[in-house]
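Structure record follows, encoded as C-alpha cells.
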Amino acid sequence: MPGPTEVPSEGEYQSGSLHVVVDDRASVRVITVAGELDHDSAHVLRDALARPLHDGVRRIVVDLAELRFCDSAGLNILLRARLDADAAGRPLEVSRPRPIVARLFEVTGTDTLLRVRLEPDAEPGPRRRRPPRTPRLPTRSEVGRREPAGE
C-alpha cells in the first residue's frame, strides 16, 4: 500500500515510486514525471496537472524522459489533461517518452490523440495517423454457406 502523498517543496509531488515536478518557465509549464505511473500513484500527476495556470503560461509540456512505467490510469490522466488544456486554449504536449511508454501510446492509439515530441527542443509535428487497419474478412453468415461441390 503506498504511503501518503509527500510534498517535498512547492511544485513537487511524490507518492511511492512516482515523483512529479512542476516548473513554470516564462510561457511554458514543464511537468517532469519520473518513476512509475500506475493506479496507486496516478493522483500525484493528477494533482500536479490541476495546479492553476498563471496568465503567462501558453503551453504545457509533460516531460516523460524519466517515466519507467505507465498503465491505463496514467493514460487516462494524460488524455483528460489534454482535453482540459485544449478547452483552456493551452496545448498540452508529451515530451521524450521512453520506448516502452511510446510503445504503449502506439498500441493503445494514444499517440494519435496526444501531441508527442521525441526531442526536447523539437517543435511538435502533426499528430501521427494510425496506419489503416487490415480489412476484416467476412464471416460465414455474411457470405452465406457454400454448397458442397458436385451437388
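The first residue in the sequence is number 1, and the count goes up from there.
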Inset, instruction - Provide the closest heavy-atom pair for Leu37 versus Ala42 in the form atom of the first, atom of the second, distance. - result: CD1-CA, 3.7 Å

Inset, instruction - Check Leu104 against Cys70 and note the closest heavy-atom contact, atom names and distance. - result: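 Closest approach of Leu104 to Cys70, heavy atoms only: CD2-O, 3.1 Å.
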
Inset, instruction - Find out if a path of hydrophobic residues (ILVMFWY) with successive side-chain heavy-atom gaps under 4.5 Å connects Val22 to Val44. - result: yes

Legend entry - Val57 with Leu83, same ILVMFWY side-chain cluster at under 4.5 Å: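 No, Val57 does not connect to Leu83 through the hydrophobic network.
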
I want to check something: taking the side chain as every heavy atom from C-beta on, are [X] and [Y] in contact at a cut-off of under 4.5 Å?
X	Y	result
Ser95	Leu64	no
Asp23	Thr32	no
Asp63	Val33	no
Val20	Glu12	no
Phe69	Asp38	yes
Val94	Phe105	yes
His39	Asp71	yes
Leu18	Leu67	yes

Inset, instruction - Using the salt bridge (Lys or Arg N to Asp or Glu O under 4.0 Å) rule, pick out the option among Arg59, Arg58, Arg115 that qualifies with Glu93. - result: Arg59

Inset, instruction - Might you work through the side-chain contact (heavy atoms from CB on, under 4.5 Å) test for Tyr13 and Leu45, ending with a clear yes or no? - result: CA-CA 8 Å; Tyr13 301 79; Leu45 181 57; over 6 Å; no

Inset, instruction - Return yes if some donor-acceptor pair links the side-chain N/O of Arg29 with the main-chain N/O of Arg51 below 3.5 Å, else return no. - result: yes

Inset, instruction - Measure the spacing between OG of Ser41 and CZ of Arg46 and express it to the nearest 0.5 Å. - result: 10.0 Å

Inset, instruction - Would you give the length of the straight line joining atom CG of Asp111 to atom CZ of Arg103, rounded to the nearest 0.5 angstrom? - result: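 It is 10.0 Å, given to the nearest 0.5 Å.
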
Inset, instruction - If you link ILVMFWY side chains whenever their heavy atoms are less than 4.5 Å apart, which other residues fall into the same cluster as Val30? By chain and number, please. - result: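 Val28, Val61, which link up through side-chain heavy atoms under 4.5 Å apart, make up the rest of the cluster.
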
Legend entry - Heavy atoms from other residues, nucleotides or ligands near CD1 of Ile100 exceed 12 (cutoff 6.0 Å): no

Legend entry - SB check Arg98 Glu66 (cutoff 4.0 Å): yes

Legend entry - Which residues share a side chain to side chain donor-acceptor pair (under 3.5 Å) with Thr110, sequence neighbours left out: Thr108

Inset, instruction - For a side-chain contact (heavy atoms from CB on, under 4.5 Å) with Leu92, tell me which candidate from Leu49, Ile31, Asp86 qualifies. - result: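 Of Leu49, Ile31, Asp86, side-chain contact (heavy atoms from CB on, under 4.5 Å) with Leu92 is met by Leu49 alone.
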
